[in-house]
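Heads up: the structure comes next, in structure tokens.
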Protein chains: 2
Amino acid sequence: MRKIKHPTIEQLELTDIMYALADPTRLEIVALLANSGRKLTCGEINLNRPKSSMSHHFKILRSAGLVETLIEGTEHMNSLRFNEVEQKYPGVLNSVLKATKKL
Amino acid sequence: MRKIKHPTIEQLELTDIMYALADPTRLEIVALLANSGRKLTCGEINLNRPKSSMSHHFKILRSAGLVETLIEGTEHMNSLRFNEVEQKYPGVLNSVLKATKKL
DNA sequence: TCTATAGTTCGATTATATTGGAACATTGAT
DNA sequence: ATCAATGTTCCAATATAATCGAACTATAGA
């Protein structure tokens with residue numbers, strides 16, 4: 001069973017987080033994960049883009065520490081690392097999520 | 001006397017703001033403006049980079065609505081549009097500024 | 001008017017990101 | 001074993017951004 005590596009809280013870099021959130025597609029993914037209240041597979045997050053593009057964006061969200069991906073069978077279950085990110089940089093993710101609701 | 005155009009609060013776009021804040025140099029400029037408590041000229045913000053590079057970053061910060069630049073004589077006085085940005089997207093700029101103090 | 005100062009704009013170069021098709025890997029089911 | 005499903009990785013093309021020297025603009029002062 002494969003496992004995907006994620007950064008620890010200590011390794012979270014503010015600029016990586018900002019960079020990851022600066023892209024509209026990724027911001028949408030983050031908002032969907034936040035609002036769904038449950039883990040979502042990549043397939044459930046359908047933004048009408050090819051798989052390889054979505055995979056690219058997930059990779060960036062993961063490496064920024066924003067998204068955690070657990071492999072269950074053939075599916076990859078994605079969730080927002082909300083509490084961890086908030087712990088390191090309080091208010092950043094929360095306020096950005098609130099801001100996305102105005103869009 | 002020349003005047004520089006800035007976006008209105010209504011025109012502020014979240015992704016523009018995030019994009020502007022995703023660059024280390026710009027984040028540093030923003031932090032300096034926030035911590036100084038007064039308007040700073042471009043020259044006072046010395047990050048050991050050529051003028052043209054700094055001007056480029058200021059332009060992006062201005063177009064994102066984060067920085068206001070008033071021309072006084074030959075100098076350009078820069079200030080953070082903190083209250084306006086906070087009004088539109090509460091907590092975003094504030095939490096990012098707090099986060100920069102950990103860097 | 002000539003000169004110095006503060007920034008901007010231009011233009012070319014280099015670096016980095018996005019995109020998406022095709023091949024690949026892993027797992028589950030038949 | 002074979003096959004289908006879910007994503008990832010690879011690769012090449014395109015697009016966008018950063019960098020910085022040089023030329024330019026606007027203003028102030030002598």
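Just so it is clear: chains get the letters A, B, ... in the order the sequence lines come, proteins before strands, and each one is counted from 1. Atom set for the values below is all heavy atoms of this structure, side chains included, hydrogens, waters and symmetry mates excluded.
Residue B:Tyr19 has no polar side-chain atom (N or O) positioned under 4.0 Å from OP1 or OP2 of C:dA17. For the OP1/OP2 pair of D:dA18 and a distance below 4.0 Å, the side-chain nitrogens and oxygens of B:Arg49 include no atom meeting the criterion.
Under the 3.5 Å distance criterion, the side-chain polar atoms of B:Lys39 are left unmatched by any main-chain donor or acceptor of B:Met77. Distance alone, capped at 3.5 Å, is enough to place a donor-acceptor pair between the A:Gln11 side chain and the A:Thr8 backbone.
Within the cation-pi definition used here (under 6.0 Å to the ring centroid, within 45° of the axis), B:Arg26 does not qualify as a partner of B:Phe58.
Atom pair A:Met18:CE and D:dA17:C1' shows a separation of 17 Å (rounding to whole Å applied). Between the CG atom of A:Asp23 and the P atom of D:dA17 there is a distance of 11 Å, given to the nearest Å. Between the NE2 atom of B:His57 and the P atom of C:dT8 there is a distance of 13 Å, given to the nearest Å. In this structure, B:Asn46 atom CG and C:dG7 atom C1' are separated by 14 Å, rounded to whole Å. B:Lys5 has its NZ atom 14 Å from the P atom of C:dT9, to the nearest Å. Computed from coordinates, the A:Ile71 CD1 to C:dG28 C1' distance equals 14 Å when rounded to whole Å.
In this structure, the side chains of B:Arg38 and B:Glu44 come closer than 4.5 Å at one or more pairs of heavy atoms.
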(message) Each nucleotide in nucleotides 3-9 of chain D should get exactly one letter: B, S or -. Can you fill that in based on protein heavy atoms under 4.0 Å?
(response) ---BBBB
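Exactly one residue among B:Leu32, B:Leu33, B:Leu27 makes a side chain to side chain contact (heavy atoms under 4.5 Å, CB included) with B:Ile29. That residue is B:Leu33.
Ranking C:dT18, D:dA18, C:dG21 by closeness to the A:Ile60 side chain, first place goes to C:dT18.
Note that the OG atom of A:Ser55 and the CZ atom of A:Arg49 stand 14.5 Å from one another [nearest 0.5 Å].
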